[in-house]
Amino acid sequence: MNKYMSRRHGIDLTLTVDIDPPKDPSIQVRCIKDHGDVEFSIGKVILAKDTAHLLPREEAEPFINSGILVHME
């Protein structure tokens, strides 16, 4: 099982500890403030008020924390 879970030979996931499924790598957000052009790993995105986007979760979270984006659930 250790070999199966290892990064080098397996799936790089600890099956005995990670009981919650991983979060979706993308997140649906809505822009609540104009912020202009932002370069994400998926390319340039224009963050204009009242626009919706599907963005990489890790890259969107700082904008959510700063009040520029809100998570659409």
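Note that the numbering runs from 1 along the sequence shown for the chain.
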Residue pairs passing the salt bridge (Lys or Arg N to Asp or Glu O under 4.0 Å) test with at least one member in residues 31-47, sequence neighbours excluded, are D37-K44
When rounded to the nearest 0.5 Å, the distance separating NE2 of H53 from CD1 of I27 is 13.0 Å
For S26, the side-chain hydrogen bond (donor to acceptor under 3.5 Å, both in side chains) test, sequence neighbours excluded, returns none
Cluster membership besides I32, Ile/Leu/Val/Met/Phe/Trp/Tyr side chains within less than 4.5 angstrom, sorted by chain and number, is V70
dist R30:CZ -> L69:CG (nearest 0.5 Å) comes out at 10.0 Å
For I42, the side-chain contact (heavy atoms from CB on, under 4.5 Å) test, sequence neighbours excluded, returns F40, V45, L55, P56
Apart from I46 itself, members of its ILVMFWY cluster (side-chain separation under 4.5 Å) are none
Below 3.5 Å, can you tabulate the donor-acceptor pairs from side chains in residues 58-67 to any protein atom, sequence neighbours excluded?
unit_1 : atom_1 : unit_2 : atom_2 : d
E59    : OE1    : S41    : N      : 2.9
E59    : OE2    : S41    : OG     : 2.6
N65    : ND2    : E61    : O      : 3.4
S66    : OG     : P62    : O      : 3.2
S66    : OG     : F63    : O      : 3.2

When rounded to the nearest 0.5 Å, the distance separating NE2 of H35 from NZ of K49 is 15.5 Å
